[in-house]
Amino acid sequence: MALRTICTAALRTGTDLAVNNARTFVTSVVLCRRARPLGPMPNEELDLQNLKSLERYRSYTRYLRRAEEAKKQPVWWKTYRAYMEQADPDHDAELVDIGLPLCRPSRTKEVRERRQVIKDNKKNAELERMTRLRTFKIPLDRVQETWEKTTAPFQIKRLAEHYGVFKDLFPMAHFFPQVFLHVHYGKDNSDQVHFGNRMTPTQATSAPQVSFNAEEGSLWTLLLTCPDEHLQDNEAEYVHWLVGNIPGGAVQAGDELCHYLPPFPARGTGFHRYIYVLFKQEGPISFQEDVRPSPCFSLEERTFKTQDFYRRHQDHMTPVGVAFFQSQWDESVTNTFHHTLNMREPVFEFIRPPVYHPPQVKFPHRQPLRYLDRYRDGKEQTYGIY
């Protein structure tokens with residue numbers, strides 16, 4: 001009887017049995033992939049439940065000797081660095097600093113000045129009274145100014161590294177942004193570009209107001225580029241704005257090599273980075289190879305590489321400032337593609353058509369109680385279960 005039951009189960013064909021067999025096969029494959037391919041892990045032989053059984057070295061010298069012997073033994077996890085170096089030759093390579101030399105003040109001098117400020121504050125009776133009455137206000141402008149002069153270059157550099165700015169624009173190089181860029185969009189300059197904040201293409205439709213601290217008689221170059229936007233070459237960029245030979249801090253008085261083009265992140269491609277880079281020039285530069293026709297609405301002519309641009313002029317300019325924001329598709333991008341660039345809009349996601357509902361009738365017959373939810377007024381509609 002048992003044998004007959006086993007044979008019947010083995011000969012049974014059907015959907016349930018096929019699904020179960022498939023699930024069993026997939027599970028077996030997954031378990032095989034999870035198996036340890038290289039060998040035992042370090043300290044795997046230790047019995048964590050019985051720590052008293054471990055060897056007691058009784059002196060640091062004996063422990064150090066045994067540790068040095070274990071260090072020299074060949075183990076598989078030591079080959080990870082060699083594997084990474086073979087897969088990526090630039091892994092862990094030393095980066096070249098292409099910016100201005102950073103002169104940080106003495107730490108002892110900073111501590112001495114800070115202690116002096118604390119002593120002066122303790123002797124200030126007016127400051128003590130405002131603090132006690134909770135009427136003291138911190139001047140944020142002075143805080144911002146102090147931050148820009150002290151720790152801003154280090155923190156901005158870390159943010160740029162986190163967002164891959166140096167890796168994509170200046171491979172194998174980096175710099176400390178010692179000149180703080182103030183970039184404001186909008187008529188009232190309410191939308192400011194920081195370091196990775198989100199902005200919509202609608203907010204960045206027109207050219208922004210850019211300001212920075214500049215010495216009298218100095219020359220600068222301002223670049224706005226996007227390393228994530230190119231539709232055909234993953235290694236190329238689109239230049240959105242390029243102004244050279246800027247006298248002092250007057251961006252409007254510089255030579256506009258390529259006029260401003262608003263962001264146009266394609267639909268379905270997520271967030272794109274739009275990066276402002278400020279270069280300090282040693283003197284006037286002839287940008288004949290970088291001039292685009294005005295107006296320039298051809299994406300082929302706007303194809304750009306910051307690395308090549310910097311290599312052509314690296315003897316006469318130095319990157320000193322950076323600011324960037326992120327943006328993704330909205331309705332203004334469609335208008336930019338159709339009317340500004342005069343081309344069809346590329347879409348990289350499935351656009352679901354709107355849900356169709358038949359015209360509303362005054363006396364619905366055999367319809368659910370939530371029939372009217374289909375025809376609610378408002379932008380966000382709610383639909384019942386029908």
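- Counting side-chain heavy-atom gaps under 4.5 Å among Ile, Leu, Val, Met, Phe, Trp and Tyr, L133 is found in no cluster with other residues.
- In terms of heavy atoms, G270 sits closest to Q328 at O-CB, 3.5 Å.
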Under 3.5 Å, which donor-acceptor pairs do the side chains of residues 204-217 form with other protein atoms, sequence neighbours left out?
{"residue": "T205", "atom": "OG1", "partner": "P201", "partner atom": "O", "Å": "3.3"}
{"residue": "T205", "atom": "OG1", "partner": "T202", "partner atom": "O", "Å": "2.7"}

List the steps and the verdict of ring-ring contact (aromatic ring centres under 6.0 Å, His included) for H259 and F297. CA-CA 10 Å; H259 76 93; F297 298 125; 5.4 Å; yes
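- Using a 4.5 Å cut-off on side-chain heavy atoms (C-beta onward), L299 and M343 make contact.
- Counting only N and O atoms by type, the side chains of H272 and T269 include a donor and acceptor under 3.5 Å apart.
- Hydrophobic cluster membership differs between L278 and L242, with clusters built from Ile, Leu, Val, Met, Phe, Trp and Tyr side chains linked at under 4.5 angstrom.
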Can V251 and L222 be said to form a side chain to side chain contact (heavy atoms under 4.5 Å, CB included), step by step? CA-CA 8 Å; V251 180; L222 182 65; 4.2 Å; yes
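- To the nearest 0.5 Å, atom CZ of residue R66 and atom OG1 of residue T61 are 14.0 Å apart.
- Side-chain contact annotation: N335 with E331, donor-acceptor N/O pair under 3.5 Å absent.
- Partners of Y57 under the ring-ring contact (aromatic ring centres under 6.0 Å, His included) rule, at least two apart in sequence or in another chain, are Y63.
- Hydrophobic clustering (side-chain heavy atoms under 4.5 Å, transitive across Ile, Leu, Val, Met, Phe, Trp, Tyr) groups I156 together with F166.
- Salt-bridge annotation for R142 and E145: absent, with no side-chain N of the basic residue lying under 4.0 Å from a carboxylate O of the acidic one.
- Listed by chain and number, the residues in a ring-ring contact (aromatic ring centres under 6.0 Å, His included) with Y238 are H230, F264 (sequence neighbours excluded).
- The ring-ring contact (aromatic ring centres under 6.0 Å, His included) check on H194 picks up nothing, with sequence neighbours excluded.
- In this structure, V111 stands alone, with no Ile, Leu, Val, Met, Phe, Trp or Tyr side-chain heavy atom under 4.5 Å from its own, directly or through other members.
- Heavy-atom contacts from other residues, nucleotides or ligands closer than 6.0 Å to CG of D47 number more than 12.
- Residues forming a side chain to side chain donor-acceptor pair (under 3.5 Å) with R65 (at least two apart in sequence, or on another chain): none.
- Checking side-chain atoms of T221 against main-chain N and O of F279 turns up no donor-acceptor pair under 3.5 Å.
- Around CD of E68, the count of heavy atoms belonging to other residues, nucleotides or ligands within 6.0 Å exceeds 12.
- A salt bridge links R370 with D373: at least one charged nitrogen is closer than 4.0 Å to a carboxylate oxygen.
- Atom OG in S327 sits 10.5 Å away from atom CZ in R198 (nearest 0.5 Å).
- With salt bridges taken as basic N to acidic carboxylate O contacts below 4.0 Å, one links E128 and R132.
- H162 contributes atom NE2, which lies 11.0 Å from atom NZ of K167 (distance to the nearest 0.5 angstrom).
- The closest side-chain heavy-atom distance from Y276 to V322 is not below 4.5 Å.
- Taking CZ from R374 and CD from Q367, the interatomic distance works out to 5.0 Å, rounded to the nearest 0.5 Å.
- Considering only heavy atoms from C-beta on, V243 stays 4.5 Å or farther from L257 through its side chain.
- Proximity of E282 to M317: side-chain heavy atoms (C-beta onward) are nowhere separated by under 4.5 Å.
- Dense packing is recorded around CD of E126, with more than 12 heavy atoms of other residues, nucleotides or ligands lying under 6.0 Å away.
- Using a distance-only test at 3.5 Å, with no hydrogens or angles considered, a donor-acceptor pair links the side chain of T336 to the main chain of S332.
- Expressed to the nearest 0.5 Å, how far CZ of F195 lies from CG of L181 amounts to 8.0 Å.
- H182 has its ring centre less than 6.0 Å from the ring centre of F180.
- Residue-environment remark: CZ (R158) stays at or below the threshold of 12 foreign heavy atoms within 6.0 Å.
- Remark: the backbone N or O of N197 is not paired with any side-chain donor or acceptor of Q326 at under 3.5 angstrom.
- The ring-ring contact (aromatic ring centres under 6.0 Å, His included) contacts involving residues 101-141 comprise nothing, where partners must be two or more places apart or lie in separate chains.
- With sequence neighbours left out, E161 forms a side chain to side chain donor-acceptor pair (under 3.5 Å) with K157.
- Open room surrounds CD1 on I138; 12 or fewer heavy atoms of other groups in view lie less than 6.0 Å from it.
- Between the side chain of R292 and the main chain of D290, a donor-acceptor pair closer than 3.5 Å is present.
- Hydrophobic clustering of Ile, Leu, Val, Met, Phe, Trp and Tyr side chains at less than 4.5 Å, counting indirect connections, unites V277 with F324.
- Grouping Ile, Leu, Val, Met, Phe, Trp and Tyr by side-chain contacts under 4.5 Å, direct or through others, puts L102 with F154, F176.
- Nearest heavy-atom pair across T303 and A236 is CG2-CB, 3.9 Å.
- A donor-acceptor contact closer than 3.5 angstrom is absent between the side chains of E69 and Q73.
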So Y274 and W241, ring-ring contact (aromatic ring centres under 6.0 Å, His included) or not? Walk me through it. CA-CA 11 Å; Y274 294 88; W241 199 22; over 10 Å; no
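- In this structure, H184 has no ring-ring contact (aromatic ring centres under 6.0 Å, His included) partners at least two apart in sequence or on a different chain.
- A chain of hydrophobic side-chain contacts below 4.5 Å, direct or via other Ile, Leu, Val, Met, Phe, Trp or Tyr residues, connects F304 to I285.
- Minimum interatomic distance between S286 and H313 (heavy atoms only, all atoms of both residues): O-CE1, 4.3 Å.
- Side-chain atoms of Q281 and N245 form a donor-acceptor pair, as typed in the model, at a separation below 3.5 Å.
- At distances below 3.5 Å, not a single donor-acceptor pair connects side-chain atoms of E349 with backbone N or O atoms of R267.
- The salt bridge (charged side-chain N to carboxylate O under 4.0 Å, His left out) analysis of residues 221-239, with sequence neighbours excluded, yields the pairs D228-R273.
- No side-chain heavy atom of K137 sits under 4.5 Å from any side-chain heavy atom of T135.
- Note on ring orientation: taking the six-membered ring where Trp is involved, the planes of F170 and Y310 are perpendicular (angle over 60°, cut-offs 30° and 60°).
- Distance alone, capped at 3.5 Å, places no donor-acceptor pair between the W220 side chain and the G244 backbone.
- I275 is listed as a side-chain neighbour of P227, based on a closest heavy-atom distance under 4.5 Å.
- The side-chain heavy atoms of E345 and W329, taken from C-beta on, include a pair separated by under 4.5 Å.
- Looking at Q203, its side chain does come within 3.5 Å of a backbone N or O of T200 through a donor-acceptor pair.
- For the pair V193/Y185, a side-chain contact is recorded, criterion being any heavy-atom separation below 4.5 Å from C-beta on.
- Note: the hydrophobic cluster containing V96 also contains F309 (ILVMFWY, side chain heavy atoms under 4.5 Å, direct or indirect links).
- Within the model, atoms SG of C296 and CG of L341 stand 9.5 Å from one another, a figure rounded to the nearest 0.5 Å.
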